[in-house]
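Below is one structure; the comments refer to it alone.
We count residues from 1, following the sequence as given.
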Amino acid sequence: MQKSRDIVLLGDSIAKGIVQSKSAKYELCSLSFAEGIAKFFDCKLSNWSRFGATIDKLWEIYERKSASLRGGETFILECGGNDCNFNWPEVAKRPGEEHEPLTGLERFAKLYGKLIERIARQGSEIIILNLPPLVADRFFNTISKGLVADNILEFIGGKTFSIYRWQEAYSNTLAQIANKFSVKLIDIRSPFLTERNYERLICTDGMHPNEKGHGLISRTLEVALAEYGLPICLRKTDK
């Protein structure tokens with residue numbers, strides 16, 4: 001029987017497994033989606049994800065750690081939620097001025113594509129994930145805490161839902177990137193949106209999936225990876 005491939009997960013705090021406790025403090029999920037798929041497929045998973053990571057940080061992590069790779073790994077990339085964010089304290093001070101996100105959409109797509117090409121040269125399989133949806137009102141409360149909320153609301157056009165649409169644009173861009181570079185994309189966003197009340201799967205900060213949300217992502221990945229028939233898809237029960 002063919003041996004399972006190693007998985008390398010490279011992403012931000014969602015991939016790292018960060019959730020909020022009952023007191024709203026950030027902590028590691030008791031069973032993140034990364035741990036869930038590693039257990040399901042009986043494979044080694046190296047989690048290179050970092051809290052607050054943008055596409056620039058993913059590049060930095062990959063360049064620092066790639067020398068340890070043997071080749072033939074399956075890379076799962078999850079990024080974009082921080083790239084689309086703004087420097088909200090600066091926005092709150094000067095809402096009438098132009099402000100740039102941490103990574104502009106065009107630059108985000110360019111760097112993401114180059115990272116895909118760089119990893120592919122190593123002989124690795126590449127899968128990218130789109131973004132879980134925000135809960136707009138909760139996210140707005142998080143970013144405006146301690147700031148002049150009305151100023152931030154002015155900057156985003158007077159509706160908190162504008163933040164949702166802005167983040168959605170980055171998620172949609174990931175599908176375009178996957179198509180352009182002929183890599184697999186697993187849609188983890190739609191399973192949330194088809195829930196009757198997806199808000200119950202998101203932490204109080206409005207952006208991080210909670211433990212139930214991680215469970216949903218894990219189940220989505222299990223099905224999608226098995227359908228792709230990748231070498232990592234060797235379950236204990238198949239041995």
Pairs flagged by ring pair (Phe, Tyr, Trp, His ring centres under 6.0 Å) wherever residues 114-149 is involved - sequence neighbours left out
none
Member of Leu9, Leu185, Val183, Ile186 meeting the side chain to side chain contact (heavy atoms under 4.5 Å, CB included) criterion with Ile127:
Ile186
Run the numbers on Ser66 and Arg118 for side-chain contact (heavy atoms from CB on, under 4.5 Å), then give the verdict.
CA-CA 10 Å; Ser66 60; Arg118 175 72 177 86; 4.0 Å; yes
For a 4.5 angstrom cut-off between non-hydrogen side-chain atoms, does Leu69 reach Val8?
yes
Donor-acceptor contacts, no H, no angles, side chain residues 212-221, under 3.5 Å, sequence neighbours left out:
| from | atom 1 | to | atom 2 | distance (Å) |
| --- | --- | --- | --- | --- |
| His214 | ND1 | Phe33 | N | 3.1 |
| Ser218 | OG | Glu222 | OE2 | 3.1 |
| Arg219 | NH1 | Gly215 | O | 3.3 |
| Thr220 | OG1 | Leu216 | O | 2.8 |

Please evaluate residues Tyr112 and Asp83 with respect to the criterion side-chain hydrogen bond (donor to acceptor under 3.5 Å, both in side chains), reporting the C-alpha separation (whole Å), side-chain torsions for both, the decisive distance (0.1 Å), and the verdict.
CA-CA 11 Å; Tyr112 208 117; Asp83 296 270; over 6 Å; no
Look only at the side chain of Tyr198 and the backbone of Leu134, and say whether a donor-acceptor pair between them is shorter than 3.5 Å.
yes
How many angstroms lie between atom CD1 of Ile119 and atom CD of Glu125, to the nearest 0.5 angstrom?
11.5 Å
I need the Phe108 CZ to Leu102 CG distance, nearest 0.5 Å.
11.5 Å
Enumerate the ring pair (Phe, Tyr, Trp, His ring centres under 6.0 Å) contacts for residues 60-101, please, sequence neighbours excluded, ordered by first and then second residue.
Trp48-Phe75, Tyr62-Phe75, Phe86-Trp88, Phe86-Phe155, Phe86-Trp166, His99-Phe155
For the atom pair CE (Met207) and OG1 (Thr142), what is the distance rounded to the nearest 0.5 Å?
5.5 Å
I'd like to check the side-chain contact (heavy atoms from CB on, under 4.5 Å) partners of Thr194; sequence neighbours left out, ordered by chain and number.
none
Looking at residues at least two apart in the chain, or sitting in another chain, which of them share a side-chain contact (heavy atoms from CB on, under 4.5 Å) with Ser182?
none
Is any side-chain heavy atom of Ile76 closer than 4.5 Å to a side-chain heavy atom of Ile37?
yes
Polar side-chain atom of Ser162 near backbone of Ile156 as donor-acceptor pair, under 3.5 Å:
yes
Verdict with reasoning, Leu10 to Lys65, per side-chain contact (heavy atoms from CB on, under 4.5 Å):
CA-CA 11 Å; Leu10 183 55; Lys65 290 179 171 285; over 6 Å; no
Quick one: do the Ser49 and Glu78 side chains pair a donor with an acceptor below 3.5 Å?
no
Taking only residues two or more places apart in sequence or in another chain, which ones pass salt bridge (charged side-chain N to carboxylate O under 4.0 Å, His left out) with Arg64?
Glu60
Does any non-hydrogen side-chain atom of Val91 lie less than 4.5 Å from one of Asn151?
no
Distance-minimising heavy-atom pair for Cys79 and Leu174:
O-CD1, 3.7 Å
Determine whether Ile18 and Leu28 make a side-chain contact, defined as any pair of heavy atoms from C-beta on separated by less than 4.5 Å.
yes
For Asn47 and Ala15, work out which heavy atoms get closest and say how close.
ND2-O, 3.0 Å
Give the cluster check for Ile202 versus Phe161: same hydrophobic cluster or not, with ILVMFWY residues linked at side-chain heavy-atom distances below 4.5 Å.
yes
Pairing residues for Ala38 by the side-chain contact (heavy atoms from CB on, under 4.5 Å) criterion, not counting sequence neighbours
Leu45
How close do His208 and Ile14 get, heavy atom to heavy atom, and via which atoms?
CD2-CG1, 4.0 Å
What's the spacing between Leu129 CG and Ser171 OG if we round to 0.5 Å?
10.0 Å
Please find the pair of heavy atoms, one from Trp59 and one from Leu115, that lie closest to each other, and give the distance.
CZ2-N, 3.4 Å
Atom CZ of residue position Arg94 - does it have more than 12 heavy atoms of other residues, nucleotides or ligands inside 6.0 Å?
yes
Taking side-chain contact (heavy atoms from CB on, under 4.5 Å) as the definition, give me every residue that meets it alongside Asn87, ordered by chain and number, with sequence neighbours left out.
Pro89, Glu90
With sequence neighbours excluded, give me every salt bridge (Lys or Arg N to Asp or Glu O under 4.0 Å) pair touching residues 99-116.
Asp56-Arg107
Give a yes or no on whether Ile143 and Phe51 share a hydrophobic cluster (residues Ile, Leu, Val, Met, Phe, Trp, Tyr; joining criterion: side-chain heavy atoms under 4.5 Å apart).
yes
Backbone of Cys203 reached by a side-chain donor or acceptor of Gln20 within 3.5 Å
no
On a heavy-atom basis, the closest approach of Ser30 and Glu35 is O-OE1, 3.7 Å
Ring pair (Phe, Tyr, Trp, His ring centres under 6.0 Å) against Phe181, all qualifying residues, sequence neighbours excluded
none
I need the minimum non-hydrogen distance between Asn82 and Gly52, along with the two atoms involved.
ND2-C, 3.2 Å
Has the side chain of Ser144 got a donor or acceptor atom that lies under 3.5 Å from a matching backbone atom of Leu147?
no
Does any non-hydrogen side-chain atom of Leu77 lie less than 4.5 Å from one of Ile116?
yes
Would you give the length of the straight line joining atom CD1 of Ile163 to atom SG of Cys84, rounded to the nearest 0.5 angstrom?
9.5 Å
Rounded to the nearest 0.5 Å, what separation is found between the CG atom of Asp12 and the CG atom of Leu131?
8.0 Å
Can you tell if the side chain of Ile177 reaches within under 4.5 Å of the side chain of Thr173, non-hydrogen atoms only?
yes
Salt bridge (charged side-chain N to carboxylate O under 4.0 Å, His left out) partners of Glu195, counting only residues at least two apart:
Arg200
side-chain contact (heavy atoms from CB on, under 4.5 Å) assessment of Glu73 paired with Ile7:
CA-CA 6 Å; Glu73 295 84 4; Ile7 299 176; over 6 Å; no
Could you tell me if the side chain of Pro209 sits less than 4.5 Å from the side chain of Leu201, heavy atoms only?
no
Show every salt bridge (Lys or Arg N to Asp or Glu O under 4.0 Å) that has at least one partner inside residues 133-162, sequence neighbours left out.
none
